[in-house]
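Written below as structure tokens is the structure these notes are about.
Reminder, nothing fancy here: chain letters follow the sequence lines and each chain counts from 1. Computed from heavy atoms alone, side chains included, the values below leave out hydrogens, waters and symmetry copies.
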Protein chains: 2
Amino acid sequence: MFSKACEYGIRASIFIAKNSFEGRRVSPKEISEKINSPQAFTAKILQALVKNNVIKSVKGAYGGFEIDKEKIAKIKLAQIVNAIDGDNIYKGCGLGLDKCDENHPCPMHDKFKVVRDGLRDLLEDTNLEELALDLKKGSAFLKI
Amino acid sequence: MFSKACEYGIRASIFIAKNSFEGRRVSPKEISEKINSPQAFTAKILQALVKNNVIKSVKGAYGGFEIDKEKIAKIKLAQIVNAIDGDNIYKGCGLGLDKCDENHPCPMHDKFKVVRDGLRDLLEDTNLEELALDLKKGSAFLKI
DNA sequence: CTAAAATAGGATAAAAATATCCGAATTAAA
DNA sequence: TTTAATTCGGATATTTTTATCCTATTTTAG
Ligand code: FES
Ligand code: FES
């Protein structure tokens, strides 16, 4: 469904959000350990998320990654997915036609659109806060 | 969403189904032209579909690919997707955890499951006949 | 039997995704 | 001001996906 990079990116964002709630900055090392992802590769993805204003980085000693507390509830999954995988997964044609067009649909269009629009709603309506809260409560997990 | 190989595989299967309805066998060359896909690559995918009993090949002069008419309505999209991409896309965890487990869910689980199960239903309930019919009627297309 | 028309399948190439490594730049504390 | 702890960014490596090419094998028509 999503690329590995995107999966890591979402998991990392949720982990950072949870820790920012608690006032903690986190390092790529800790992130990759806690979400079970390759460290250097994850670091690249974090850089991309910084550029896309999803997370914030603080350089130098005592630095790390964080998200402004007020922003956590405003960041939608779609923003993260879009920054890493683009929007084709929740906007494009399921059979790979150049674009999904009501007037020139693929044979899967009618049925696929329902599923894909459900995914789009999920991504556009779900914010980092609710996900991070599940993590904090212990009712959801980011690895194993 | 799906891999290129899978997109080509589904489009090719629909095209073959439509032609088998009309009693025509088709070549990889014609298939790739009509679904707008690279010929040699598509041929490999067709071979995989033959091995997985989705389509039938007839070797030698006057050969080509076809699907038994009685089988067309019985072949589900899930069978094609499974043969090429596996079932992770419609059974696996959206955040890439090793498996989707109610008792150890990722933070996206509750919402993602709804979408993913919708996709699973689509794939398991949709058969080649309905798709091929849309193509025949001219109400759906396989390229551009 | 031969020739022509097909699919099958192995070898290879190119591109993209995934992953690692290392030095440069930045920053806070001592 | 020095040092240690960091992120940043470029270079490189590996693996997977996508794609091409060429030969072998099969099969029918003549
Ligand atoms: S045209 Fe294929 S999903 Fe809309
Ligand atoms: S555990 Fe992630 S979707 Fe179910």
Side-chain angles (χ1 to χ4, degrees), chain A residues 1-13 15-16 19-20 24-33 35-67 81 83-86 88-89 92 95-96 98, chain B residues 1-13 15-16 19-20 24-33 35-67 81 83-86 88-89 95-96:
Chain A
M1 181 81 75
F2 304 112
S3 68
K4 284 282 164 206
C6 194
E7 290 172 356
Y8 299 155
I10 297 173
R11 301 219 299 268
S13 298
F15 180 72
I16 296 168
N19 280 279
S20 292
R24 296 182 65 234
R25 239 171 236 162
V26 285
S27 67
K29 183 168 151 55
E30 181 181 0
I31 294 170
S32 61
E33 277 163 2
I35 73 170
N36 194 33
S37 68
Q39 185 180 330
F41 187 51
T42 306
K44 297 287 189 203
I45 298 160
L46 293 172
Q47 282 179 45
L49 292 177
V50 169
K51 277 195 183 150
N52 278 275
N53 294 308
V54 175
I55 61 180
K56 207 172 81 180
S57 75
V58 180
K59 288 187 201 173
Y62 291 73
F65 294 90
E66 63 183 22
I67 306 177
V81 171
I84 303 172
D85 279 354
N88 198 61
I89 192 179
L95 289 190
D98 276 359
Chain B
M1 182 79 77
F2 305 111
S3 68
K4 284 283 164 203
C6 195
E7 290 172 356
Y8 300 155
I10 297 173
R11 301 219 298 268
S13 298
F15 180 73
I16 296 167
N19 280 278
S20 291
R24 295 182 67 234
R25 242 171 234 163
V26 285
S27 66
K29 182 168 153 55
E30 181 181 0
I31 294 171
S32 60
E33 277 164 3
I35 72 171
N36 194 33
S37 67
Q39 184 178 332
F41 187 51
T42 305
K44 297 287 190 204
I45 298 160
L46 293 171
Q47 281 180 47
L49 292 177
V50 169
K51 275 195 185 151
N52 278 275
N53 294 309
V54 174
I55 61 180
K56 207 172 82 177
S57 75
V58 180
K59 288 188 201 172
Y62 290 75
F65 294 91
E66 63 182 21
I67 306 177
V81 172
I84 302 172
D85 280 353
N88 198 60
I89 192 178
L95 290 189

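In this structure, Arg24(B) places its CZ atom 12 Å from P of dA6(C), rounding to the nearest Å. When rounded to the nearest whole Å, the span between CD1 of Ile31(A) and C1' of dT7(D) equals 11 Å. Nucleotide dT20(D) holds its C1' atom 13 Å from the OH atom of Tyr8(B), rounded to whole Å. Distance CD1 (Ile45(A)) to C1' (dT18(C)): 9 Å, rounded to an integer number of Å.
Nearest nucleotide to the Lys4(A) side chain, out of dC8(D), dT7(C), dA19(C): dA19(C). Here dT18(D) is the nucleotide among dG9(D), dT20(C), dT18(D) with the atom lying nearest to any side-chain atom of Ser3(B). Distance from the side chain of Lys44(B) is smallest to dG9(C) among dG9(C), dA29(C), dT20(C). With distances taken from any side-chain atom of Ala61(B) to the nucleotides dA4(D), dT18(D), dT28(D), the minimum falls on dT28(D). The nucleotide whose nearest atom lies closest to any side-chain atom of Lys59(A) is, among dT7(D), dG9(C), dT7(C), dT7(D). The side chain of Tyr62(A) sits closest to dA29(C) out of dT7(D), dA29(C), dG9(D).
Only one option out of Ile89(B), Val81(B), Ile45(B) pairs with Cys6(B) in a side-chain contact (heavy atoms from CB on, under 4.5 Å); it is Val81(B).
Among the atoms of the strands shown, only primed sugar atoms or phosphate atoms (P, OP1, OP2) are found under 4.0 Å from some heavy atom of Ala5(B).
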